[in-house]
Amino acid sequence: MRLDFLGNLRRTHMCGELRLEHAGQQVVLLGWVNRRRDLGNVIFIDIRDRNGMTQLVFDKGENAAMHEKASALRSEYVIAAIGKVRRRSADTINPNIATGEVEVTVDELKVLNDSKLPPFLPSDTSIANEEVRLKYRYIDLRREQMQANIELRHNVAMAIRQSLSGQGFFEIETPFMTRSTPEGARDYLVPSRVYPGSFYALPQSPQLFKQILMISGFDKYFQIVRCFRDEDLRADRQPEFTQIDLEMSFPQMDRVFEVVEKFLEAAFKAAGIELKSPFLRMTYDEALRQYGNDKPDMRLPAMSDIRPAFTDEDLAELRIDPSMEMVAIRIPKVGKISDREKKEIRALSDELAKRNGNFAGVFYDFSQMEKKRPAVASKIREICGAEPDDLIVPVVAIASAEGKTHSAANKRAQFTVAGEARLELGRKYADRHNAFVRSGDAARDFRFLWVTDFPMFEYDEKDQRWNAAHHPFTSPHDHDMDKLESDPGAVRALAYDVVLNGTELGSGSIRIHRQDIQRKIFHSLGMSDEEAKSRFGFFLEALEYGTPPHGGIALGLDRIVMILAGADSLREVIPFPKTAKAVDLMVDAPTPVSDVQLRDLGIVVKPQR
RNA sequence: GGGGACGUAGUUCAGUUGGUUAGAACGCUGCCCUGUCACGGCAGAGGCCGCGGGUUCGAGUCCCGUCGUCCCCGCCA
């Protein structure tokens with residue numbers, strides 16, 4: 001096949017643009033052959049670009065030469081069609097496409113490029129498996145759905161940029177090659193050639209740089225920025241991902257919330273969704289108590305405290321430990337539960353109890369309770385606001401002979417188990433109860449929530465020490481400062497998460513701006529002055545030079561777009577994502593490198609194979 | 001690191017209790033067709049059943065290992 005050059009040919013319209021009003025006009029369309037329908041003496045070609053599709057007509061009776069040329073076209077050839085827009089006769093209108101009222105009769109066809117037959121076609125109705133899609137990502141990205149997702153991503157990012165810029169934020173770049181601060185996630189390391197044995201690290205977040213930008217007097221900073229974490233992947237976790245990172249000087253928490261609500265409103269508006277602000281708020285303790293979870297899905301019913309349903313005699317006879325929490329999970333509209341499912345629910349109880357260590361709670365078989373203790377059962381139904389078809393699972397603790405289950409940690413574990421059970425059961429019965437059904441109203445119901453007052457520290461049982469729950473630059477509550485030494489577990493932080501329908505979208509805090517407090521925190525974390533200095537010396541020093549009170553937040557752009565696109569995986573909204581084993585199937589990375597490269601870097605590697 | 005699901009034609013899948021020549025749809029190639037739009041009709045090509053080993057007279061099917069993809073737990077301050 002002879003290929004044509006573009007020459008000085010200029011596109012007049014995109015392929016999805018033509019309407020009735022264009023009838024009679026001479027147009028130039030440039031794009032790909034989406035489908036061809038060869039009827040013998042007439043050939044229809046759908047020409048496609050990112051904007052849509054137009055039907056081209058090649059009629060042998062009208063233009064034999066062009067018809068001949070068109071008969072050689074195949075899927076994904078790149079063509080230029082010069083022709084006239086024609087109104088379709090009433091019986092040939094295609095209401096399924098935007099350009100369905102017109103077609104283009106082609107006077108001149110240029111084949112700008114041919115194409116090997118791809119392993120799958122963008123126009124295929126069934127979607128190829130992900131391994132194939134990722135290897136031939138450039139084909140996959142031609143699919144209408146992927147084009148829409150990437151466009152949505154662009155629109156959302158632009159709306160956020162505009163909103164933040166309008167709110168007085170500067171977009172400022174921070175380095176990708178920076179310093180390793182081993183804590184939290186593993187760093188991706190970049191070896192230095194100039195200093196053999198030394199490494200840069202790719203940032204897990206621009207945390208310290210953005211704080212230093214506040215010290216530098218920039219007042220309000222943001223960046224839509226790539227971050228890197230060398231940890232195992234999930235459907236909603238990629239090793240490189242994009243954050244909307246921002247920091248501001250002199251804010252209270254509420255000011256940060258206002259800024260975020262404003263740009264999220266703009267972002268969702270770009271996707272055609274009106275949000276209600278301000279968002280709901282809930283403290284960490286409340287969230288745990290009501291949902292057993294620090295990122296509750298507000299579309300779901302909260303758990304209920306069912307203690308009032310029991311008399312003391314009930315508790316004694318049922319051997320329920322009254323010092324523990326008593327809550328019930330309600331999953332709406334599940335309907336009848338089979339014996340097998342009851343067994344599965346009990347098994348889930350055991351599994352979750354095991355996962356949460358020493359917790360001694362159980363799921364009570366509610367149907368049995370309804371038989372044996374109808375008064376208690378109906379009281380529980382009442383407390384939960386249960387409808388007849390709802391599944392109720394009471395979570396209580398059975399009094400043990402040793403009576404060992406009363407610690408605060410165990411109570412917390414009990415809420416957690418109940419919360420996890422609620423999620424698992426919700427997933428399990430998703431096709432039956434309506435709250436999780438994607439196609440239902442729930443899929444377009446966006447319930448934002450601010451979770452506040454996170455604990456400052458978490459105790460690490462394994463290492464027998466306190467860790468920063470958020471990060472060590474988070475400011476404790478003013479009035480909890482005196483508990484830093486005496487009762488670290490009770491110290492609340494000025495830290496907050498923004499949560500959407502059970503997904504954590506972002507996390508931030510008011511930071512420590514005083515060097516004396518920062519030192520205290522490092523002490524509480526069991527870090528000596530020397531150690532703090534060697535790891536964060538540059539930052540501690542910066543804090544000493546007139547640091548304004550400041551705070552900020554970072555939100556996952558990929559997750560926001562994923563939710564807006566109604567996708568199940570980040571890979572659907574990231575153009576070139578990695579597999580669950582962190583491999584890029586298209587470029588085949590990572591790869592071994594040459595000995596010469598390694599020698600230059602002063603690295604000796606033992607071959608693995 | 002652990003658990004689970006999957007791997008058969010270019011693609012999506014079926015393949016019974018282990019039994020003759022491994023099927024379908026879409027795609028592809030050729031022919032026919034002037035109003036299709038997921039065009040239609042006829043004919044055809046296309047398979048290391050992921051890979052390696054084992055059990056068996058006989059393996060796509062059973063067993064072991066291995067590789068890959070996906071999901072979950074751990075991990076992700």
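Every chain is numbered from 1 and lettered A, B, ... according to where its sequence line falls, protein lines coming before strand lines.
Set against rA77(B), rU34(B), rU69(B), the side chain of Asn41(A) has rU34(B) as its closest nucleotide. Across rU36(B), rC76(B), rG27(B), the shortest atom-to-atom separation from the side chain of Phe44(A) is found for rU36(B).
The CZ-C1' distance, from Arg234(A) to rG2(B), rounds to 11 Å in whole Å.
For a distance-only test at 3.5 Å, the side chain of Arg36(A) fails to qualify as a donor-acceptor partner of the base of rG27(B).
The existence of a salt bridge linking Glu572(A) and Arg133(A) is confirmed by a sub-4.0 Å separation between a basic side-chain nitrogen and an acidic carboxylate oxygen. The existence of a salt bridge linking Arg35(A) and Asp46(A) is excluded, since no basic side-chain nitrogen approaches an acidic carboxylate oxygen closer than 4.0 Å.
For rC42(B) and rG27(B), the P atoms lie 14 Å apart once the distance is rounded to whole Å. Comparing rA43(B) with rC67(B), their P atoms are spaced 47 Å from each other, to the whole Å.
Phosphate proximity of rC39(B) to Arg35(A): present, with a side-chain N or O under 4.0 Å from OP1 or OP2. Contact annotation: Asn96(A) does not reach the phosphate of rC37(B) (side-chain N/O to OP1 or OP2, under 4.0 Å). For Thr579(A) and rU69(B), the shortest distance from a side-chain N or O to OP1 or OP2 is below 4.0 Å.
For residues 63-70 of chain A, proximity to RNA chain B is found at no residue, defined as any non-hydrogen atom under 4.0 angstrom from a strand atom.
Here Leu39(A) lies in heavy-atom contact (under 4.0 Å) with a base.
For the atom pair CG of Leu525(A) and NZ of Lys520(A), the computed distance is 14.0 Å after rounding to the nearest 0.5 Å.
Nearest heavy-atom pair, Tyr496(A) versus Leu494(A), reported as atom, atom and distance to 0.1 Å: CE2-O, 3.6 Å.
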